[in-house]
Amino acid sequence: MRAAPTILHLDMDAFYASAEQAAKPSLRGKPVVVGGLGPRGVVATASYEARRFGVHSAMPMAQARRLAPNAAYLVPRFSLYRSVSDQVMELLGRLSPLVEPLSLDEAFVDLEAGGTADDTASALAIGEQLREAIEAVTGLSGSVGLAGSKMLAKIASEEAKPDGILLIAPGTERDLLAPMPVRTLPGVGPATADHLRRAGMTTVNDLAEAGEAELVRLLGKAHGGSLHRMASGRDDRPVVAERDAKSVSVEDTFDTDLHDRVRVRSEVERLADRCVQRLRAAERSGRTVVLKVRRYDFSTLTRSETLRGPTDDPTVVREAAARLLESVDTTGGVRLLGVGVTGLADYTQEDLFAQAADERTAAGLADSAEAGADAGTDDGRPEPGEPDPESAEQLAARRWPAGHDVRHDTHGHGWVQGSGVGRVTVRFEEPESAPGRVRTFRIDDPALRPADPLPLVRDPVDYSSWPASLPKSRSGPVSSGGESRP
């Protein structure tokens, strides 16, 4: 626990939804929900306007639609979010060499290690300047927490939302934490909170007064001891700049259960290719291929195969995943598939696998041709009465996902409002334009094509010399020690 509040926690405000509102002038000030739009989709982020209707992250999308039927429902654009995240992380990197990203929109920063703050006044000044820099560069807002520990800094940023800053002054930690619910503390989920409630503990102060021995009796030595330390405001965890990934994986939940074995295998191969793309982007290779299958009855099966050495060869990963699929019964239907790679390394043994992969591919093609000739009508197509593997509407939704960018030869840049019945509806506007007009086209219109996202700020302020020369601070909601001031 530090004597000065030099650990900073940044959390961007409703990041995905805010980025969509910044990119789409017609959605500003309106409820926006980002996530999977299928019947089994889940909310990734809801704008503050949507939260007023009760919509929140991790909620089933069907429930969100019932609560906020007039909200804009959009498919995530991760290329845009990563681009904005890179801009934010670059600013954080100017404050300190010790930046610990937790996700695309959240990170800890050790200001003391960067020499940018060593007391309350300098930490608060940097926090205010950071918020201004983020808004100038990205057009978005973020909330900042400052404290002497990671736990308190994160709690502070949460209390400061939206678009605020809270500094927990040294010596005020216990008073600030005392009335908060136990779930405020890291590691206290619904089950632990319920267990504590039955023991008569509902606030952080209850935990602190109960004593370490009582919490150890209730929760075990490791969890009980850790929880008592945090309830007392003690947290000595350092900011860690590098977190070594243990695995790389991708998964998809399908709108309707997959019954066609050929379709299931093609989806596994597609996921394997996406997994390898992520693996290569991280400049890693992996030794163990993992297949995850969630069946129609919600039972989840995991199978794995360890290779002779690390690889980032898509053929090798595809074939390993396909072999794992052969050991899984998918008769009743599949609602989710995932492919992952673990045992990561910084090198590959591609030469050991390339020849074997080519041989297995050739053998597999020969076997498939022979099986197709012997099987007669059993060619992998669905039985009469079953739906086709993927309908025209599903293909259109995949090509023209709601919220994604398009460009028209005549009308310029726009975004998809929706598609169906062979049509796609587009609103033509840009981040710095006025709300645009809506037009509808055939889904196969040759003048319409997918496009890359536009920058949210066309000419961002140059912060290349920051924080050596700090721009003028903006006014905004600032709190210190739990007491607000304008």
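Because the structure is a prediction, the values reported are computed rather than measured.
The stretch residues 27-76 participates, sequence neighbours left out, in no ring-ring contact (aromatic ring centres under 6.0 Å, His included) pair at all. Pairs of residues two or more places apart, or lying in two chains, that qualify as ring-ring contact (aromatic ring centres under 6.0 Å, His included) and include a residue from residues 94-150 are His9-Phe108. Among residue pairs with one or both ends in residues 53-62, none qualify as salt bridge (charged side-chain N to carboxylate O under 4.0 Å, His left out); sequence neighbours excluded.
For the atom pair CZ (Arg131) and CG (Leu10), the distance works out to 10.0 Å, reported to the nearest 0.5 Å. Between the CE atom in Met230 and the CG atom in Leu152 there is a gap of 10.5 Å [rounded to 0.5 Å]. Note that NE2 of His195 is 8.0 Å distant from OG1 of Thr192, once rounded to the nearest 0.5 Å. Note: Arg284 CZ to Asp312 CG = 11.5 Å, rounded to the nearest 0.5 Å. Rounding to the nearest 0.5 Å places CG of Leu219 at 5.0 Å from CG of Leu196. Going from atom OG1 of Thr330 over to atom CG of Leu258 covers 9.0 Å, rounded to the nearest 0.5 Å.
Between the side chains of Thr300 and Arg294, at least one donor N or O sits under 3.5 Å from an acceptor N or O. A side-chain donor from one of Thr315 and Arg318 sits under 3.5 Å from a side-chain acceptor of the other. A donor atom on one side chain and an acceptor atom on the other are not found under 3.5 Å apart for Asp110 and Ser96. In the model, Thr203 has a side-chain atom that pairs as donor or acceptor with a side-chain atom of Asp206 under 3.5 Å.
Counting only heavy atoms from C-beta outward, the side chains of Val290 and Lys292 never approach each other to under 4.5 Å. For the pair Glu267 and Val334, the minimum side-chain heavy-atom distance is 4.5 Å or more. Side chains of Val34 and Tyr81 form a contact here, defined as non-hydrogen atoms less than 4.5 Å apart. For the pair Leu146 and Leu111, the minimum side-chain heavy-atom distance is below 4.5 Å. Annotation: side chain of Trp415 is in contact with side chain of Leu27 (closest heavy-atom distance under 4.5 Å). Val75 places none of its side-chain heavy atoms less than 4.5 Å from the side chain of Val416. When side chains are defined from C-beta on, Leu185 counts as touching Leu207, because their heavy atoms get closer than 4.5 Å. Taking the side chain as every heavy atom from C-beta outward, Val317 and Pro314 never approach each other to under 4.5 Å.
Using modelled atom types, one side-chain atom of Ser266 and one backbone atom of Arg263 make a donor-acceptor pair closer than 3.5 Å. Without hydrogens or angle criteria, Arg28 side chain to Ala22 main chain gives a donor-acceptor distance under 3.5 Å. Judged by distance alone, the side chain of Asp13 and the main-chain N or O of Asp163 form a donor-acceptor pair under 3.5 Å. Put simply, the side chain of Lys30 never gets that close to the backbone of Ala71: no donor and acceptor are under 3.5 Å apart. Without hydrogens or angle criteria, Ser299 side chain to Arg295 main chain gives no donor-acceptor distance under 3.5 Å. Listed for the Ser249 side chain is no donor-acceptor partner under 3.5 Å among the backbone atoms of Gly340. No donor-acceptor pair under 3.5 Å is formed between the side chain of Thr288 and the backbone N or O of Gly343. Lys161 places a side-chain N or O within donor-acceptor distance of the main-chain N or O of Met12, the cut-off being under 3.5 Å. Between the Glu305 side chain and the Val289 main chain, no donor and acceptor come within less than 3.5 Å of each other. Looking only at distances, a side-chain donor or acceptor of Arg94 sits under 3.5 Å from a matching main-chain atom of Ser464.
Between Pro97 and Gly114, the closest heavy-atom pair is CD-CA, 3.7 Å. When all heavy atoms are compared, the tightest approach of Val99 to Ala107 is CG1-CB, 4.3 Å. Residues Leu307 and Thr311 come closest through the heavy atom pair CD1-CG2, 3.5 Å. Here the shortest heavy-atom pairing between Asp119 and Ala4 reads CA-CB, 4.1 Å. When all heavy atoms are compared, the tightest approach of Pro5 to Ala123 is O-CB, 3.3 Å. Taking every heavy atom of both residues into account, Leu104 and Met89 meet most closely at O-CE, 3.8 Å.
For Ser57, there are no side-chain contact (heavy atoms from CB on, under 4.5 Å) partners, not counting sequence neighbours. Residues passing the side-chain contact (heavy atoms from CB on, under 4.5 Å) test with Pro453 are Arg77, Ser79, Leu80, Asp405, sequence neighbours excluded. By the side-chain contact (heavy atoms from CB on, under 4.5 Å) test, Arg229 is found to be paired with Ser226, Arg234, residues two or more places apart in sequence or in another chain being considered.
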Check: How far apart are the C-alpha atoms of Val339 and Leu291, what are their side-chain angles, what is the distance that settles it, and do they pass the side-chain contact (heavy atoms from CB on, under 4.5 Å) test?
Finding: CA-CA 5 Å; Val339 174; Leu291 175 70; 4.2 Å; yes

Margin query: Working note: Glu49 + Val32, criterion side-chain contact (heavy atoms from CB on, under 4.5 Å); need CA distance, chi angles, decisive distance, verdict.
Written below: CA-CA 7 Å; Glu49 296 85 355; Val32 174; over 6 Å; no

Next item on the list: Start with the C-alpha gap between Glu173 and Asp235, add the side-chain angles, then the distance that decides, and say whether side-chain contact (heavy atoms from CB on, under 4.5 Å) holds.
Entry: CA-CA 11 Å; Glu173 300 90 351; Asp235 177 22; over 6 Å; no

Margin query: Checking Asp260 against Arg265 for the side-chain contact (heavy atoms from CB on, under 4.5 Å) test, could you report, in this order, the C-alpha distance in whole Å, the side-chain angles of both residues, the deciding distance, and whether it holds?
Written below: CA-CA 9 Å; Asp260 179 9; Arg265 175 165 177 143; over 6 Å; no

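In this structure, Asp11 does not pair ionically with Lys154, as no charged nitrogen and carboxylate oxygen lie closer than 4.0 Å. Salt bridge status for Glu326 with Arg323: absent, with no side-chain N to carboxylate O gap under 4.0 Å. Between Asp194 and Arg198 there is a salt bridge, since a side-chain N of the basic residue sits under 4.0 Å from a carboxylate O of the acidic one.
By the 6.0 Å and 45° rule, Arg40 does not stack over the aromatic ring of Phe254.
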